[in-house]
There are 2 protein chains.
Amino acid sequence: MSNALPPRDHDDRLPLRERKKLRTRQTLVDTALELFTERGFNGVTLDELCDAVEVSKRTFFRYFASKEDVAMAPTQDLWRAFLEDLETREPGGRPVLEMLQEALFAAMDRMTADGWAHRVLLTRQLAAATPSMDAHGLHFCHDTGRAALATLYRRLDLATPDDPRTRLAVDMLVAAFHCALDTWTAGPGTLTRAGLAAHVRDACAALPGSLTLTAGLRPPG
Amino acid sequence: MSNALPPRDHDDRLPLRERKKLRTRQTLVDTALELFTERGFNGVTLDELCDAVEVSKRTFFRYFASKEDVAMAPTQDLWRAFLEDLETREPGGRPVLEMLQEALFAAMDRMTADGWAHRVLLTRQLAAATPSMDAHGLHFCHDTGRAALATLYRRLDLATPDDPRTRLAVDMLVAAFHCALDTWTAGPGTLTRAGLAAHVRDACAALPGSLTLTAGLRPPG
DNA sequence: GCGCTTATGCCACTCAGTGGCATAACTGTG
DNA sequence: CACAGTTATGCCACTGAGTGGCATAAGCGC
């Protein structure tokens with residue numbers, strides 16, 4: 001690994017060893033997104049990716065649990081920040097769903113790494129084209145939701161753990177986020193963090209209306 | 001394959017060949033659920049399962065797309081019936097979410113095969129214990145939701161396709177179903193189709209309340 | 001410089017999943 | 001009942017993801 005110039009995030013005051021690990025991880029993510037986008041997720045073998053980064057396959061699996069994981073790192077970073085924020089956010093007498101929404105906004109605000117929005121876009125496009133990536137992403141969001149639920153039950157005075165409402169509130173935020181991600185990806189708007197946040201806000205605002213949305217049969221012709 | 005006695009569903013007036021295929025498929029599902037439950041999903045190799053059913057691995061993959069698929073057949077049958085029902089159900093002036101809910105109930109009513117509820121229970125427990133199964137199940141539900149969405153847009157006079165409300169309504173039904181599945185599995189109630197339907201009804205009824213659910217900090221101690 | 005810890009590389013292995021081709025089983029015709 | 005056409009199956013070899021074990025090298029504290 002003769003990586004001379006540190007591309008970004010040359011965060012000094014971390015031990016050399018840790019910096020190297022961070023850089024290797026980031027190089028793996030960037031290269032993976034690039035190769036997968038170029039030739040498709042299934043068109044690139046792990047051996048090829050490892051060769052490109054000059055890392056052994058064994059080492060790859062010490063950084064990521066699966067081939068899918070490396071391509072979903074940007075989204076996972078966001079949700080990890082979300083969970084962290086949720087640990088300290090004040091409920092403040094408003095609906096839990098709003099509190100969750102604010103935690104998600106705060107997490108997005110913390111995604112300051114260069115080109116994060118672009119990487120999320122690539123991740124999303126890859127997932128849309130690759131069933132196994134989509135499945136992994138869904139599963140990760142599901143797990144994150146359960147973790148968020150556990151945090152809520154630990155911190156808030158929610159009465160009964162068999163009341164489905166809290167869980168449904170969490171799932172609604174996740175649904176709104178996925179919805180926002182798709183409209184953000186497809187839409188003509190700006191593909192920035194702020195643009196994504198706006199879509200999330202719209203999707204959350206549409207939640208109540210989705211409960212009562214009514215339609216008739218489409219007239220023939 | 002010296003399968004002498006047809007276990008169930010000896011649906012005559014189907015050609016012999018088709019009956020055999022149905023039986024092989026059903027035997028694969030039953031044996032898989034049994035073995036996976038006994039020794040864990042990862043504790044059983046495909047070769048072992050194929051040996052037990054006396055079928056070549058090559059043939060297995062002509063029936064199922066993956067090792068996970070064979071264990072999720074019961075749930076997939078339900079959602080397929082749901083999509084079929086949605087093709088002809090009348091919107092009838094009430095919220096789309098209610099129409100979706102009724103389609104799901106109708107689909108459950110059609111799951112008359114012997115022991116269906118029991119198989120769903122095994123599937124759910126396996127998925128809860130096996131990340132890759134959980135991921136596959138989530139992905140399948142996601143795909144089903146998109147298919148349902150396409151049907152809705154085709155049949156109903158929903159104006160704008162970029163309005164997130166329809167999609168969110170579908171996702172809410174899916175969330176409610178998953179929620180119901182968990183409480184049904186964990187709860188003390190009867191593990192029958194009717195019991196599951198009741199849980200689904202409760203979860204759907206809880207959807208509006210989840211939007212406004214409020215809570216304060218848990219008092220220390 | 002010198003040990004101690006920790007990351008990495010290498011090798012062999014298991015197992016899911018696929019493609020190709022030969023063979024067996026079912027189908028409906030005469 | 002034989003015959004030809006169709007379709008499911010079996011077998012074999014192969015790719016590629018993921019794992020375990022052990023030797024080695026790189027960073028770290030002294």
Side-chain angles (χ1 to χ4, degrees), chain A residues 1-4 6 10-28 31-32 35-36 39-72 126 130-133 135-136 139, chain B residues 1-4 6 11-28 31-32 35-36 39-72 126 130-136 139:
Chain A
M1 201 176 331
S2 56
N3 219 334
H10 45 110
D11 195 346
D12 293 319
R13 86 184 138 275
L14 239 65
L16 170 60
R17 195 184 242 164
E18 295 304 311
R19 267 184 293 161
K20 249 189 149 173
K21 276 169 62 174
L22 257 296
R23 204 175 51 197
T24 303
R25 183 191 172 85
Q26 196 57 50
T27 309
L28 276 170
T31 311
L35 290 181
F36 293 165
R39 323 208 305 256
F41 182 80
N42 293 314
V44 182
T45 68
L46 271 185
D47 290 310
E48 290 173 323
L49 171 60
C50 290
D51 278 358
V53 187
E54 295 182 87
V55 154
S56 78
K57 200 172 61 168
R58 199 68 190 81
T59 295
F60 173 90
F61 282 105
R62 291 193 183 97
Y63 283 89
F64 302 97
S66 70
K67 188 185 176 187
E68 286 81 15
D69 255 34
V70 70
M72 307 201 311
L126 282 170
T130 315
S132 76
M133 265 194 66
H136 260 72
H139 182 247
Chain B
M1 201 178 330
S2 56
N3 221 334
D11 197 345
D12 293 320
R13 84 184 141 275
L14 240 66
L16 170 61
R17 197 184 238 162
E18 293 305 311
R19 268 183 292 160
K20 249 188 148 172
K21 276 169 63 174
L22 255 298
R23 205 175 51 196
T24 303
R25 184 192 172 86
Q26 195 58 50
T27 308
L28 276 169
T31 311
L35 290 181
F36 292 165
R39 324 207 303 255
F41 182 81
N42 292 313
V44 182
T45 67
L46 271 185
D47 290 310
E48 290 172 324
L49 171 59
C50 290
D51 278 358
V53 187
E54 293 183 85
V55 154
S56 79
K57 200 172 62 170
R58 200 67 190 79
T59 296
F60 173 90
F61 282 106
R62 292 194 181 97
Y63 283 90
F64 301 97
S66 70
K67 188 185 175 188
E68 286 81 14
D69 254 34
V70 69
M72 306 200 313
L126 283 169
T130 315
S132 76
M133 265 195 65
D134 204 32
H136 260 72
H139 182 247

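Here is how names work: the chains are called A, B, and so on, in the same order as the sequence lines, proteins then strands, and each is numbered from 1.
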Integer-rounded Å distance: dT18(C) C1' and Phe64(B) CZ:
18 Å
Dump every N/O contact between nucleotides 4-7 of chain C and the protein below 3.5 Å, one line per pair.
from, atom 1, to, atom 2, distance (Å)
dT5(C), O2, Arg17(A), NH2, 3.3
dA7(C), OP1, Lys21(A), NZ, 3.1

Atom-to-atom span, CE of Met133(B) to C1' of dA16(C) - whole angstrom:
16 Å
Show each protein N/O and nucleotides 17-20 of chain D N/O combination with a separation under 3.5 Å, one pair to a line.
from, atom 1, to, atom 2, distance (Å)
dA17(D), OP1, Leu46(A), N, 3.4
dA17(D), OP1, Lys67(A), NZ, 3.1
dA17(D), OP2, Leu46(A), N, 3.3
dG18(D), OP2, Lys67(A), N, 2.9
dG18(D), N7, Lys57(A), NZ, 3.2
dG18(D), O6, Lys57(A), NZ, 3.3
dG20(D), N7, Arg58(A), NE, 3.0
dG20(D), N7, Arg58(A), NH2, 2.9
dG20(D), O6, Arg58(A), NE, 3.1

Return the set of residues passing side chain to side chain donor-acceptor pair (under 3.5 Å) with Ser132(B) (not counting sequence neighbours), or none when no residue passes.
Glu68(B)
Test side-chain contact (heavy atoms from CB on, under 4.5 Å) on Phe36(B) and Val70(B); report intermediate values, then the result.
CA-CA 11 Å; Phe36(B) 292 165; Val70(B) 69; 4.2 Å; yes
Please enumerate all residues that pass side chain to side chain contact (heavy atoms under 4.5 Å, CB included) together with Ala65(A), with sequence neighbours excluded.
Asp69(A)
Test of understanding: with ring-ring contact (aromatic ring centres under 6.0 Å, His included), list the residues that count as partners of Phe61(A), not counting sequence neighbours.
none
Under 3.5 Å: donor-acceptor pair, side chain of Glu18(A), backbone of Pro15(A):
no
Sequence neighbours excluded, which residues qualify as side chain to side chain contact (heavy atoms under 4.5 Å, CB included) partners of Asp51(B)?
none
Rounded to the nearest Å, what distance is computed from the CZ atom of residue Arg23(B) to the C1' atom of nucleotide dA8(D)?
14 Å
Nearest-Å distance, NZ (Lys20(B)) to C1' (dA25(C))?
7 Å
